[in-house]
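Everything on this sheet refers to the single structure shown next.
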Amino acid sequence: MDQKEKLLKEINEDRKRLLDIQVKITSLDKKMPFWKIFLLPLASSLGIFLLTGLINLSESQRLGIFLIAFIISIVCLTLISRSRMKKEKDYLVSQRMEVQSIIFEKSKRLRDLT
C-alpha cells in the first residue's frame, strides 16, 4: 500500500507540472508588451530621425526616412519575437510530452501493482 501511495503522490506532482507547462504555453501568445511592440521601434526611429538632421536633407526626406525606419523596425521586431515565442513553445511542448510519458509510465506501474 505504501508503494501505491508514493506512486499516486508522484503522479499528482507530475500532473501539477503538466498543468504549469500548459499555462505557460497558453500565456505565451499574450506576452508581447506594448513598450516592446511600439515604443522600441519609435525610439529607434526617432534616433534615426535625429541623425538625419546632421545630414543635409529636407524635412520631407527626413520624415520619409523616419516612417520607413519605423515600419522596418516593427516588422523586424515582430519577426524576431515570433521566432523566439515559437522556439519557447516548441521547448514547452517537448517538456509537456516528456511529463506525459512519465505520467503514463507511472500509471502503468500503478496498474501493475493493483
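Remember, it's a predicted structure, so these values are computed and weren't measured experimentally. All values below were derived from every heavy atom in this structure, side-chain atoms included, with hydrogens, water molecules and symmetry-related copies excluded.
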**Complete:** For Ile37 and Ile74 the tightest heavy-atom approach is O-CG1, 4.0 Å
**Item:** Sequence-distant partners of Glu59, salt bridge (charged side-chain N to carboxylate O under 4.0 Å, His left out), two or more places apart
**Value:** Arg62
**Message:** Please enumerate all residues that pass side-chain hydrogen bond (donor to acceptor under 3.5 Å, both in side chains) together with Gln95, with sequence neighbours excluded.
**Reply:** Tyr91
**Item:** Listed once per pair and sorted, the salt bridge (charged side-chain N to carboxylate O under 4.0 Å, His left out) pairs that draw on residues 69-82, sequence neighbours left out
**Value:** none
**Complete:** With sequence neighbours left out, the residues meeting salt bridge (charged side-chain N to carboxylate O under 4.0 Å, His left out) with Glu10 are Lys106
**Prompt:** Should Arg17 and Asp14 be marked as a salt bridge (charged side-chain N to carboxylate O under 4.0 Å, His left out) after you check the CA-CA gap, both sets of side-chain angles, and the distance that decides it?
**Reply:** CA-CA 5 Å; Arg17 278 184 38 209; Asp14 289 335; 3.5 Å; yes
Would you give me the side-chain donor-acceptor pairs under 3.5 Å for residues 41-50, sequence neighbours excluded?
unit_1	atom_1	unit_2	atom_2	d
Ser44	OG	Leu40	O	3.3
Ser44	OG	Pro41	O	2.9
Ser45	OG	Pro41	O	2.8
Ser45	OG	Phe70	N	3.0

**Arg96: salt bridge (charged side-chain N to carboxylate O under 4.0 Å, His left out) partners, not counting sequence neighbours** = none
**Prompt:** For residues 38-48, which residue pairs qualify under salt bridge (charged side-chain N to carboxylate O under 4.0 Å, His left out), counting only residues two or more places apart or in two chains?
**Reply:** none
**Prompt:** Does Glu5 reach the main-chain N or O of Asp2 with its side chain, forming a donor-acceptor pair under 3.5 Å?
**Reply:** no
**Request:** State which residues pass side-chain hydrogen bond (donor to acceptor under 3.5 Å, both in side chains) with Ser101; sequence neighbours excluded, sorted by chain then number.
**Result:** none
**hydrophobic_cluster_shared for Phe66 and Leu39, side chain cutoff 4.5 Å** = yes
**Request:** With sequence neighbours left out, write down each residue that passes salt bridge (charged side-chain N to carboxylate O under 4.0 Å, His left out) with Arg84, or none if nothing qualifies.
**Result:** none
**Asked** Who else is in the cluster with Phe104 when I, L, V, M, F, W and Y are joined by side-chain contacts under 4.5 Å?
**Response** none
**Item:** Under 4.5 Å side-chain linkage, directly or through intermediates, the cluster mates of Ile80
**Value:** none
**Asked** Among all residues two or more places apart in sequence or in another chain, which pass the side-chain hydrogen bond (donor to acceptor under 3.5 Å, both in side chains) test with Lys86?
**Response** Asp90
